[in-house]
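What follows is a set of notes on a single structure, which appears directly below.
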Amino acid sequence: MSAILEKVNIEALREDFPILKEKVHGKDLVFLDSAASAQKPRAVIEAMTHVMTSQYANVHRGLHYMSERTSEAYEAVRDKVAGFINAAARDEIVFTRNATESINLVAYTWGRTALKPGDVVAVTEMEHHANLVPWQMLRDAHGTELRIIKITDSGEVDWHSLEDVFADGRVKLLAVTQMSNVLGTYTPVERLAKFAHAHGAKILIDGCQAIVHRKIDVRAVDADFFVFSGHKLYGPSGIGVLYAKADILDAMPPFMGGGDMIAHVSYQKSTWAKPPHRFEAGTPAIIETIGLGAAIDYVNAIGMEAIAAHEAALTGHALAVLPNIEGLRILGSAQDRGGVISFVMKDAHPHDIATLLDRQGIAVRAGHHCAEPLMGRLGVTSTARASFALYTTREEIGALAKGLERVRKMFA
Amino acid sequence: MSAILEKVNIEALREDFPILKEKVHGKDLVFLDSAASAQKPRAVIEAMTHVMTSQYANVHRGLHYMSERTSEAYEAVRDKVAGFINAAARDEIVFTRNATESINLVAYTWGRTALKPGDVVAVTEMEHHANLVPWQMLRDAHGTELRIIKITDSGEVDWHSLEDVFADGRVKLLAVTQMSNVLGTYTPVERLAKFAHAHGAKILIDGCQAIVHRKIDVRAVDADFFVFSGHKLYGPSGIGVLYAKADILDAMPPFMGGGDMIAHVSYQKSTWAKPPHRFEAGTPAIIETIGLGAAIDYVNAIGMEAIAAHEAALTGHALAVLPNIEGLRILGSAQDRGGVISFVMKDAHPHDIATLLDRQGIAVRAGHHCAEPLMGRLGVTSTARASFALYTTREEIGALAKGLERVRKMFA
Amino acid sequence: MSDLYQQIVLDRTRHPRHAGRPAHFDARGEGANKLCGDKVSIYLTREGMDLHHDAEGCAILTASADLMADAAAGKTPAQMRELAAAFTQAVTSGTPNPALGALNALTPVADFPSRIGCATLPWRALEEALQDV
Amino acid sequence: MSDLYQQIVLDRTRHPRHAGRPAHFDARGEGANKLCGDKVSIYLTREGMDLHHDAEGCAILTASADLMADAAAGKTPAQMRELAAAFTQAVTSGTPNPALGALNALTPVADFPSRIGCATLPWRALEEALQDV
Ligand SMILES: Cc1ncc(COP(=O)(O)O)c(C=O)c1O
Ligand SMILES: Cc1ncc(COP(=O)(O)O)c(C=O)c1O
């Protein structure tokens, strides 16, 4: 792909995102906070509007036209998601609110039945709170142990630490991010899955960040659980996904009780529906699920490979440009890394950086990024973070660098 | 309000709901399935579109313009909901996916800490599965007891049975619907709350149906917990509400772990944020919450009293007209009842009724309406159900009656 | 109003010919639809000469069970399975199949996705019964 | 670029005049911001003649703590509480208050809702310290 062709494509794609035309404090919006939540293409907005203006009713329980059409559209997204991550079967896809709920669902159901007190859940030092706190809560409620796998100074999984943590054979679950939302590190999930399986453990992969930037193949990786959120993948808020292998889901008790998740209810006893419905109690996020389907169609039409190539180029550019700013330090230097870049600046606090960039129309995040323990490991209390999406341009990285220069000068 | 004025208003309001112009099988859509999920006014659709096209970012964690604007809009809905149900404070409003999650949240957190094994949860015979199955699951996991309060043949709470169930003083929670989604019965929630409190029990009110049709005042009722879903109140799917009194919420442990619900995280120990954030783990349903805010503004602008008056007139009309159909029997005859009417017909199965009405453009629901045990009490396996909304007209009830006559003739 | 409710369907619903649990049977299969609580039992003799059903359900289910009893009478288990497969195929696709005879009256159910299960429920019960033969 | 970062704010951030934990103090208050991990400690003497702070945080927080130490020096607990209330009011509303003097440099923070907490954090720590006096 020549640079010119790429430029043309990105400009065309940006047209799909109405919000990118907005001004912020009178400046063009430069949105570099997509890792927190991505902007929505018109196709997603229109799919949601379409449901609400012309084919809406509650799903599953209706025998009338609107309900049947809506149920079909809703269930079709299950196939889409299954295809998108290459699941073996549609019934391995459970819809949740977000990745956080997906992980909690696993902790509450699989965690409290498949795990025994004394069994170990292992996570890495660079997990998002969503992949840490549920395992702490399981530990405190159920008597499992929680172990932390160290990362290297470059921000990669420390293989020695991994082996130490697994040495006594008590680890039954490795819960690990596929891409750090702070360091941008991709973890070697295929190798990690092999390692976990060889040691008698299952693997849960937090795919929140990775799925936005790379083609996911849960079967090639041999993931036992895989979770992500729709809102980071250009889809709506309020919809997330839990993938789990069919035999695992089959053995899991339900999470929440209510409509749609039962086979039969009497006062004495209720019996549960088969997966995935067993885990989808009550009226689901119908409109949002259909919106997620449109988001998947959208990125599929562009192609995950093209998106990955574009973002790799951007990331390379940013990693070359930003260190030229005096006093700026990028955190993490993994070999395999994506377009999420955390940094600190001498004498300028991340909060001040974010506020001052915002005044120039540039949106970056500052804080602990829901990874407070990782901050401790990195020796900071917070960082500023710029993150890229398919609509991010080289010019925007230039604007960021220029903005940071101005910040530097103020605090110099 | 004169009949003519009313007519004019409804026709004008119908213009707000684009879907009502749709044809089904070549016929005008007559949507009588709003109790399952209501249609959405343009104001809701536009509010959601507006977020996505011009002011979207993740909430709470951002220091930049888009995040601040989105956070403000999101949190403003908390005030709106608090006002709508007359809560004492905004922090008593927890956002969930739906009423089902709200009830499960209470069962998992309050249920497993405030209740001891042997304590009793009491529900009525006319609860939706959402207000039955979570208490069964709590019983089976935690050793509480579940008792069922009978209803009378008219479909009202049987006060003798209520007293029997409470007689030994072990009931600690009365979980009761404010309006049956099958029989249309309104329960006397103020009296029930007084009764429960006098017996040392708390009351959880399932307001899913009631909130759509009546002004709710949780303080006047003295509700301890009150739950509802946005999608039945003309709002989007994917958003629900749990109201609980501040002191109760304060004492509740978190439900799910993850981002936004913590005060501080270390590997050893995490501390929880104050309510309501303690119960809102991960990225919330941002767009949907804002949509719910628009729905509340919408019904407020019409006025719950006006909506209630319109629906009362419709319901009276339907209750007068439908029994004229030979062989048709309406289930339930509570004194205080709203626009949800379940019926059966001699020789015609509810499924066949629904399908045949659908062919005439008329959407009704058929089945057990997620109230399987109630079906047993009523001596049926399923019913057909017509339910009304603010956009339902007298003409539509006429169409229903005509349609049912045709069905009757086919099976006669 | 709809060609799903043809005369033969209405007729078999009002006056099923093979309804009721027989005094003697060799195998029994059950079907239940969680959506609506409908149920059907199918009763078989080992010789396959006579089928009965006990249907608590809608017109589609009852007619399907009753017409099935006509069509399957005297057939071997293998032939019944074949018939079941052909029927399922026809009501899912909406394409009549000459081999199905009167059962083709139910093929319009293909236009009513949530009702297909009503038509096939007796056949799933039949397949269950056949496991016992 | 923004009148939030006025010279005096930048100056007090780079060169705070009252930074560091003093050898002797009678009361101490703590503030922590969960969003970013920022922290501040305020140290008071019973006579209220001298305030110190130990700020780990952004420019707004540090400047606010340092300017507070100037303004609160020599005041009685009641006067300090009054000052805290006036300051909170000013940075929330964006309206300068003559009684606040140099602290008014922080009132533009009202335009940055998520940063108001940075400006008020030292004042909440001060209130905590005052409980011990
Ligand atoms: C009375 C009642 N309670 C609870 C529910 C469950 O609501 P949801 O499916 O939105 O969680 C419903 C609606 O289906 C209802 O009508
Ligand atoms: C790596 C990672 N895991 C989990 C999450 C949690 O996602 P959500 O808030 O959508 O549940 C996020 C995003 O915030 C993330 O970046």
Side-chain angles (χ1 to χ4, degrees), chain A residues 18-19 22 24-25 33 36-37 39-40 45 48-49 52-54 56-58 61-66 97-98 100-101 104 129-130 133-134 136-137 148 229 231 236-239 256-259 262 265-267 270 281-283 285-288 351 354-355 358 363 365-367 370 372-373, chain B residues 18-19 22 24-25 33 36-37 39-40 45 49 52-54 56-58 61-66 97-98 100-101 104 128-130 133-134 136-137 148 229 231 236-239 256-259 262 265-267 270 281-283 285-288 351 354-355 358 363 365-367 370 372-373:
Chain A
I19 202 170
E22 290 289 309
V24 163
H25 306 303
D33 191 23
S37 199
Q39 299 300 345
K40 319 304 174 201
I45 301 167
M48 295 170 73
T49 302
M52 293 189 270
T53 54
S54 59
Y56 182 78
N58 209 332
R61 308 176 205 160
L63 299 168
H64 55 78
Y65 178 86
M66 285 290 171
R97 173 178 37 243
N98 51 25
T100 300
E101 186 185 0
N104 280 276
H129 292 164
V133 182
Q136 291 186 322
M137 289 171 65
I148 314 296
S229 288
H231 68 92
S237 50
I239 177 68
M256 301 196 209
I262 49 91
V265 176
S266 76
Y267 293 127
S270 296
T283 303
I286 301 167
I287 301 160
E288 297 66 36
H351 268 193
T355 298
D358 181 51
R365 197 141 282 239
C370 292
E372 210 179 322
Chain B
I19 202 170
E22 289 291 307
V24 163
H25 307 302
D33 191 23
S37 199
Q39 298 301 345
K40 318 305 172 202
I45 301 167
T49 303
M52 293 188 271
T53 55
S54 60
Y56 182 79
N58 209 334
R61 304 178 209 158
L63 300 169
H64 54 79
Y65 178 87
M66 286 290 171
R97 175 178 36 244
N98 51 25
T100 300
E101 186 186 358
N104 279 276
H128 187 281
H129 292 165
V133 181
Q136 292 185 322
M137 289 170 63
I148 314 296
S229 288
H231 68 93
S237 50
I239 177 68
M256 302 196 209
I262 48 92
V265 177
S266 76
Y267 293 126
S270 295
T283 302
I286 301 167
I287 302 160
E288 297 65 36
H351 268 194
T355 298
D358 180 51
R365 196 141 282 239
C370 293
E372 211 178 322

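Just so we're on the same page: letters track the sequence lines, and every chain starts at 1.
- The two residues A:Ser237 and B:Ala285 come nearest to each other via the heavy atoms OG-C, 3.7 Å.
- No side-chain donor-acceptor contact under 3.5 Å links B:Glu372 to the backbone of A:Ser266.
- Annotation for A:Tyr267 and B:Ile148: closest pair CD2-CD1, 3.3 Å, computed over non-hydrogen atoms.
- The line from OG1 of A:Thr355 to NE2 of B:His64 is 10.5 Å long, rounded to the nearest 0.5 Å.
- With sequence neighbours excluded, the residues that form a side chain to side chain contact (heavy atoms under 4.5 Å, CB included) with A:Thr49 are A:Ile45, A:Thr53, B:Ile45, B:Thr49.
- Between the OG1 atom of B:Thr283 and the CD atom of A:Glu101 there is a distance of 12.5 Å, given to the nearest 0.5 Å.
- Across all non-hydrogen atoms, the minimal contact from A:Gly238 to B:Glu288 is N-OE1, 4.0 Å.
- No donor-acceptor distance shorter than 3.5 angstrom exists from the side chain of B:Asn58 to the backbone of A:Ser37, with no hydrogens or angles considered.
- For B:Met256, the parts lying near chain A are the backbone and the side chain together; criterion is any non-hydrogen pair under 4.5 Å.
- Interatomic distance, CE of B:Met66 versus CD of A:Glu22, reported as 5.0 Å (0.5 Å rounding).
- In this structure, A:Val265 and B:Val133 have side chains that are in contact, with non-hydrogen atoms separated by less than 4.5 Å.
- Ranked by heavy-atom pairs under 4.5 Å with chain A, the list B:Ala130, B:Pro373, B:Pro18 is led by B:Pro373.
- For chain A, the option among B:Gly258, B:Ala57, B:Pro134, B:Ala354 with the highest count of heavy-atom pairs below 4.5 Å is B:Gly258.
- Between the CD1 atom of B:Ile286 and the CG atom of A:Asn98 there is a distance of 10.0 Å, given to the nearest 0.5 Å.
- The minimum heavy-atom distance between B:Ile19 and A:Tyr56, with the atom names listed, is CD1-N, 3.2 Å.
- For B:Ile239, no part sits under 4.5 Å from any heavy atom of chain A, backbone or side chain.
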